Every structure is written in C-alpha cells, then in structure tokens.
Amino acid sequence: MAKNYENEINQLTAKLTLEEKIIMLHGCGLFRTGEVDRLGIPSIRMSDGPMGVRQEFPDANWIPCGLSDDYVSYLPSNSALAATWNPERAYAGGQVLGEEARGRGKDVILAPGINIKRDPLCGRNFEYMSEDPCLIESMVVPFIKGVQENDVAACVKHFAVNNQETERLAVDTLVDERTLREIYLPGFKAAVQEAGSYSLMNAYNKFRGVFCSESKELLDDILREEWGYDGTIISDWGAVHSTKETAESSMDIEMSVTYNFDDYYFAKPLLEAVKKGEVAEADLDKKIKNILRMMYRLKMLGEEAPERKCGAYNTYEHQQKTLQTAKEAIVLLKNEDKVLPITKERLAIEKTSTPDADGLFSARKKKIAVIGINASYQHAGGGGSAEIKAFYEISPLLGLRQQMGGNVRMEYARGYYIPGKKDVNEVNWQEASLERRVMGVEDPDSEEQKALRKEIEENRARLREEAVNLAKDADEVIFVGGLNHDYDTEGRDRDDMRLPYGQDELIEALLDVNPNTIVVIVAGSPVEMPWADRAKAIVWSYFSGMETGNALAEILLGKVSPSAKLPETFPVRYTDTVTYKNEEFGKTDVVEYKEGVFVGYRYYEKEQVKPAFAFGYGLSYTSFDIKDLQVKAVGNADSNLKDTVVTVTATVTNTGDMAGAEVVQCYVADPECSVVRPVKELRGYAKVFLNPGETKTVTIDLPAQAFAFYDVEKKDFTVEAGSFVVYVGNASDNCKLQAEVVL
Ligand code: BGC
C-alpha cells in the first residue's frame, strides 16, 4: 500500500507564502518549475517524451545545451508498441523510459501520448497508440506502471480530444457525450484509475468552446470528481490562456514555450489576482496539494527520499528490451510465394554445378540490392517534441549488412530524392511551434518553384534509373521507403496519404524488373499502396527505435517470425475514410466529430468499406489454428450485472514449422440495442507464443462493461439485457469463431 502523506502535505502547504506557492505553479525554466529552498522543496524537472528522454535544454533557450552526456536509448514509438499487441512490451517500454528519465535526473516524463487515431493524416499519430480504446487501455496501464516504479511520474497526454495538429492551439472540438465516453476517454480513465498516473497533461485545443486547460467539464467534473484523480495536471506548453478561469479550474501547473516566465498567467498575474481578491488563495492551495502529493509519491520529499531510485540510461538491458519490442512490432502485411523469409540457402555462395574443362569450379556471391532512403535513414532526431538524441540507431541497411555477413554482395541505392532535406540538427522545431500555423505558402507558379520542380523531377528520374539498374540482375531486391518526420510530425497534419518523393513510381519500376521485390515501409501512419496487388511481400515498420535495423533484419532473414498486428485500419485510399467524407478533419475553427463512435474499423465495418489491411491484421511465417470457442457467463443472476464475468476460452495450435506468436482477438457485438452500435468492438485479446505443434488454451475474461454502451440519459454505462455475440479470431476481418451469450 502506498503511503498516505496528507498530513505532511497540509502542514507544508500551510507553511508556504503566497509568493512561494506561485513559484511552484508555473514554469521557471522551459522544463522545470521553481524551487522553494527555505522549505527544501525542489524544482520539478520534466522532459519529453514518449520515445526516450529528450536532450537537455537550458532554462531559457530552445537551442539544446549540446552536451555529450544526454545521449539516450531511442525507444519504439507508441504506434510500434501498440503493434506488438503485447502488454508486457508496454510494461518493459515504460520501465526503460522511467529508469532512463530517473537516470537523467527527471521527475516527470511527458509520456505516454494516447490520443485516438481518428484520421490517418494526423501528424502526431506516430506518437499515439491506436484507433481503439480497448487496445489503448491494455497498453497504457502497464506502460505507466513501468515508468512509475522508477520513482518518476508518467504524464499521460493530451487530455482530451486532441486528434489533429491543424490549428491545434485553438481549434474547437465538438464531440457528443456517448462518443466521448466510449471512444476518447477510456484510455485516460484507465491511466488515472488503473495505472494511477501521477500526472496528466491537458491538451491545447478547445473542448465544446472552452480551452482544455480551463475546461471545468473535463478537468473538474470528469477527471477530479468522477474519476477521483488526485495527481498533478500540467498544461501543454503554451496551452494556458487565462489567469482567473484557469486558476479556478483544476489545472495545476502552467508550462509554456516562451522565456518570460514571470509573465506567465500563473506567475505575476496570478499573484496580483490573489492579492486583489479576484482569485481565492484556497484555489491555489488545492493545486499546491496536488503537486506536493506527486512529489511525496516520487520520494522527492519526506522521509522516504533517501530510498528514491537513481535510474540508469543506455544500459545493455534497455537495448535488449528495445530490440525485443521492435521485433514484435514489425507487421507482415503480405507474403506470397514464400518471398519471405530470405533463407540461408538463398544467400549462400553459388558454385557452378560442373567444373570447366580444366576441372575448376567458379563461385559467385549473391547480389543483394537494398534500395530506398529509409534503408539508411536515422529517424531519432525528428518529429517535434518526441525527438531523441539517440545513443545509436541501427538503420535497416546496417542491420541487414551486419546479419547477412560477408558472403553476399550487398549494394545500396537511394532510389528517390528528398529535396532540400535539412539535417535535423539545423532545424529548431519547438522554437517556432507556436507560430507554426502557415506552411507551404510559396507561389507554385513562381519561376523559383518551377525550377525547383524541374530539378526534383530530374533527380528523381536519375536515382530511379540507377536503382532499377541495380535491381535488374540482383538475386534479392529489398526496397525500404516510407515516411520520415517531415510527414510524421508535431504541429502539422499530412496533406494526403500518398507516399512522397515519387516512391510509388519507383516501387512499380522495381516490381517491373523483379516481381519478387520485398517492399518495406517505415512510417508512423498509413500510406496508400497502389502497387499492393503486384507486390508479393510487404512489411510494415512503425518508427521502432534504435534497434529497428536489427529487428527488421531478423524478420526478413527468418530468425524470428513476425507477430505484430495493425493497431489501426489501413484504408485503401484516403477518400475511404469517414473524416474525408464528413469533411470534419483538419478544419481550422470548429471540428465536429459527426461520425460519432464510428471511428476506424467501427466505421469501415458499418459501411462495409473494405480496407487495404484491417485492424488487428498481421501475418506470420508459421500458421495457427484457433478453435474450440467456449463462452460462459458467471454471476449472471445479479440483476445489475456488476459481478458478471463472461469467460471466453479457445485453443490455439501452431500448425506450422516455426516458433511464433498469435494474437487471439475477442470482439463483442450487441445486435439488438436501443442505440446503434458498431458491428463489433474489441474487448480483449491475448498474445500466445507457441512452438511448432504446441497448443495452448487462451482465457479472456470479459466484465459486464465489455457489453455496455454509454447511456446519455442515465449518464452512465449500461448493459441492455439480451443476447450478445462474442467473436474470436486473429484480425478484425477474420473472426471465424462466434458464440452467443445471454446476459
Ligand atoms: C507538445 C507536448 C510536449 C510539450 C513539451 C508540446 O508542444 O504538444 O506533447 O510534451 O510540447 O515539449
């Protein structure tokens, strides 16, 4: 049982002067609050972010300190983590992040990001987990526990309904109550109630006309009152817009991106407001108590302080955990004619079958063509606040070379051209983040733009030709392309879902000369794949951290079988998405979530739009048989169903000849209900590791909540008595087993 510090907190609060309270309520540096030396209260030191601990910044400058001791482990993005469908990987990821944060002397790590992937074009989707609340809940809880066992606070973000980057600082989000409760809030609720997140970050946007930083509805009514949250609420950087309103809401600490710390709303203006009697000091005391509570929990204060963990970074253990996650995060989307894995035999030196006239054999190394900039690209340093100063990053090319060894002739060609690519170190992203609203305003008809386009075309053609020539007589062709953090980035949404830099044309050309070309896409969010029917092997990797290259090589070479599943639907084309159709994404003033609960597969299934690759989909090198579904309701007699548990069991057998893992997914449908419900909804899953021939029984317990919808009248979740269908399978579009259950 965690110790209760309320006495200490009350006493300490009573000792603080008004000025000292103010110091604790706002940023006194870009990533820290002020300290109160007189009472031994230290600064709270914070850092981004989800993919590792960000480099060090001075108190008042967005130009990094440029130190040599802030290189860290670069961890798989939350998208990659979710693709593992393995809560143990989320726990391991949290442990690594927490230990590294503590090792770097941090108190709060600004992670995880768990906003719903409502539209594939959202620039920050790579930082988020899924389109599905159940998958998010299952991953966010172990992640936060992993972080916090290191005496570091997780800061789950961005609360709430922050689902686009366009005008993110001001856009007003309108979402109906049922949708809010069923889709957008469950991840946060689990983070607060089940994981006990010590802190939470409110979002930039408005919710129902009010900035999230001062939304009484979100912060007071839902978070504090209903969910009983007693941790610290930290504003997103620059998300506070008022003194009195925000002070009177539950928001505790104001952080921002500018250096005028004394002018922050929660600095001098708040001091003045209290002195003038416009804001009650008691409101500040509530905030101070929330902050002190977090500090005691972190052992920053009090008698437990000497026991506080000291952390560690760049350890071998962290690297191994990261590698394991990356291996489980790579999704095999397509594999025909056994193009994958590339076997040892295919890479062996070839000798002529018969000797020549002089009795001599000749030997030939196999030629491996690796094509595409993402094969040699390092992604760690980009994306916005999620950027990482990586201790190392194994690119796919490096991973492949290391693992293929010297008996093959590997040759690399860039294949496509990225115009005007600046080194990540030349761009200071955050400095401009508040102004970064207008992008791409150049006149397309100007001479300069025309000349630029011509140059781009010429370069593309040249690089494409070079790549095709390389591929022509190669034994294996591996294309590694996709997106980078110019596209998967904070502060901007993508314009379309297409692959940039002429990659589609290049892929088609490679498939022309070698139909067995293996297409690997590294990206943070879905892309259209117009060549998908022609390609025999398609592999998907989210930004998977410093071990991406090693993990990818192990997958391509068949040292490990892929076991990841898509945590989001990949539509065939952007125009298939509901947000394209209802035109309610990327608007700059008000965005109304008109699709309601029909987000992701809930929409595609309802409208019977066939996606390119469905939610929960992913192939393996081995095969599995899921059968013997049994569904049993226990405790059903209880009329309010509070104690009801529906136990779902099935057996899984590895029917192939390689060890592997399958994700058994359990969806629930309520065919007859007073409200329109999705065709089915994910309510549980289990990842099972099996040797060839091995069988295991999987049990998934579904509480009554799994059958519930949010009843707007009753203001609560409710289960309507009657019959439900439980579906079990290995993808949302492949649930062959089903059973009825009556509640
Ligand atoms: C982002 C947050 C981040 C903060 C601090 C903001 O721009 O939205 O996710 O934690 O900056 O860098």
Side-chain angles (χ1 to χ4, degrees), residues 3-46 58-60 105-108 153 155 198-202 213-214 219-220 224 229-235 237-256 258-306 308:
K3 201 167 172 302
N4 178 325
Y5 289 102
E6 296 308 305
N7 274 339
E8 287 91 330
I9 292 169
N10 289 335
Q11 284 176 30
L12 203 46
T13 307
K15 287 188 191 169
L16 285 161
T17 64
L18 176 60
E19 283 72 12
E20 287 167 341
K21 290 174 192 168
I22 295 286
I23 285 280
M24 292 173 65
L25 295 178
H26 69 88
C28 294
L30 293 173
F31 284 102
R32 67 170 188 91
T33 56
E35 67 272 286
V36 182
D37 281 340
R38 183 178 73 87
L39 298 170
I41 301 174
S43 278
I44 297 173
R45 298 194 175 267
M46 316 179 194
D59 263 352
K106 304 301 174 195
D107 306 306
V108 176
C155 185
Y198 295 154
S199 74
L200 170 143
M201 186 188 293
N202 70 253
S213 52
E214 55 192 69
L219 304 182
D220 298 12
R224 297 276 189 212
Y229 181 62
D230 64 1
T232 305
I233 303 177
I234 301 171
S235 78
W237 270 230
V240 173
H241 298 270
S242 65
T243 297
K244 184 174 159 63
E245 288 78 1
T246 311
E248 289 175 349
S249 83
S250 285
M251 219 288 302
D252 299 315
I253 298 179
E254 181 195 2
M255 298 301 292
S256 192
T258 52
Y259 313 146
N260 53 337
F261 308 109
D262 289 343
D263 301 328
Y264 283 15
Y265 294 97
F266 271 19
K268 273 191 201 145
L270 182 57
L271 183 70
E272 297 302 311
V274 176
K275 283 189 177 160
K276 283 192 205 147
E278 290 163 7
V279 170
E281 193 166 344
D283 284 331
L284 272 53
D285 288 350
K286 286 191 220 158
K287 300 180 194 305
I288 291 295
K289 287 177 187 176
N290 292 328
I291 295 168
L292 289 176
R293 192 172 299 113
M294 176 177 82
M295 294 175 98
Y296 274 107
R297 285 171 172 162
L298 294 175
K299 307 190 175 94
M300 292 173 72
L301 293 174
E303 58 184 30
E304 286 183 290
R308 189 174 192 198

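Everything quoted here is computed from the prediction, not taken from an experiment.
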Discussion item. Taking the side chain as everything from C-beta on, heavy atoms only, tell me whether Leu292 gets closer than 4.5 Å to Ile41.
Written reply: yes
Fill in: side-chain contact (heavy atoms from CB on, under 4.5 Å) between Met294 and Asp107, worked out
CA-CA 10 Å; Met294 176 177 82; Asp107 306 306; over 6 Å; no
Item to complete: Keeping the roles fixed (side chain from Ser249, backbone from Met251), state whether a donor-acceptor pair exists under 3.5 Å.
Response: yes
Discussion item. Any heavy-atom pair between the side chains of Leu39 and Leu16 that's under 4.5 Å?
Written reply: yes
Worksheet item: What's the verdict on side-chain contact (heavy atoms from CB on, under 4.5 Å) for Asn202 and Val240, showing C-alpha distance, side-chain angles and the deciding distance?
Response: CA-CA 10 Å; Asn202 70 253; Val240 173; 5.7 Å; no
Worksheet item: If we only count heavy atoms from C-beta on, is the Pro42 to Leu301 side-chain gap below 4.5 Å?
Response: yes
Fill in: For Ser199 against Ala153, the heavy-atom pair lying closest together
OG-CB, 4.3 Å
Discussion item. Set out, in order, the CA-CA distance, both residues' side-chain angles and the distance that settles side-chain hydrogen bond (donor to acceptor under 3.5 Å, both in side chains) for Glu214 and Ser242, then state yes or no.
Written reply: CA-CA 8 Å; Glu214 55 192 69; Ser242 65; 2.7 Å; yes
Item to complete: Find the distance between CE (Met24) and CG (Leu284) and round it off to the nearest 0.5 Å.
Response: 11.0 Å
Worksheet, complete the sentence: Hits for ring-ring contact (aromatic ring centres under 6.0 Å, His included) against Phe261, two or more places apart or cross-chain, chain-then-number order -> Tyr264
Worksheet entry | Tyr229 side chain to Thr232 backbone, donor-acceptor under 3.5 Å | yes
Worksheet entry | Minimum heavy-atom distance Leu30-Pro58, with the two atoms named | CD1-O, 4.0 Å
Worksheet item: Taking NZ, NE, NH1 and NH2 as the nitrogens, is one of them in Glu272 or Lys276 under 4.0 Å from a carboxylate oxygen of the other?
Response: no
Item to complete: Measure from the side-chain N and O atoms of Ser235 to the backbone N and O of Met255, and report whether any donor-acceptor pair falls under 3.5 Å.
Response: yes
Worksheet item: What closest approach, in Å, do Ile253 and Ile44 show between heavy atoms, and which atom pair accounts for it?
Response: CD1-CD1, 4.2 Å
Practice prompt. Determine the minimum heavy-atom distance between Val108 and Cys155, stating which atoms define it.
Written response: CG1-CB, 3.8 Å
Item to complete: Report yes if the side chains of Leu298 and Arg308 come closer than 4.5 Å at any heavy-atom pair, otherwise no.
Response: yes
Worksheet item: What side chain to side chain donor-acceptor pair (under 3.5 Å) pairs are there with at least one residue in residues 277-286, not counting sequence neighbours?
Response: Lys21-Glu281, Lys21-Asp285
Worksheet item: Stepwise, does the side-chain contact (heavy atoms from CB on, under 4.5 Å) test hold for Asp59 with Arg32?
Response: CA-CA 8 Å; Asp59 263 352; Arg32 67 170 188 91; 2.9 Å; yes
Worksheet item: For Tyr198, does its backbone N or O pair with a side-chain atom of Arg297 as donor and acceptor, under 3.5 Å?
Response: no
Discussion item. Working to the nearest 0.5 angstrom, can you tell me the gap between Thr246 OG1 and Leu219 CG?
Written reply: 9.5 Å
Practice prompt. I would like to know whether Thr33 and Ile23 meet side-chain contact (heavy atoms from CB on, under 4.5 Å); could you show each step before the answer?
Written response: CA-CA 7 Å; Thr33 56; Ile23 285 280; over 6 Å; no
For residues 8-15, which side-chain N or O atoms pair as donor and acceptor with protein atoms under 3.5 Å away, sequence neighbours left out?
from: Asn10; atom 1: OD1; to: Lys289; atom 2: NZ; distance (Å): 3.3
from: Asn10; atom 1: ND2; to: Glu6; atom 2: O; distance (Å): 3.2
from: Thr13; atom 1: OG1; to: Ile9; atom 2: O; distance (Å): 2.6

Worksheet item: Hey, is the main chain of Val36 close enough, under 3.5 Å, to the side chain of Glu20 for a donor-acceptor pair?
Response: no
Item to complete: Taking atom types as modelled, find out whether Ser250 and Asp220 have a side-chain donor-acceptor pair closer than 3.5 angstrom.
Response: yes
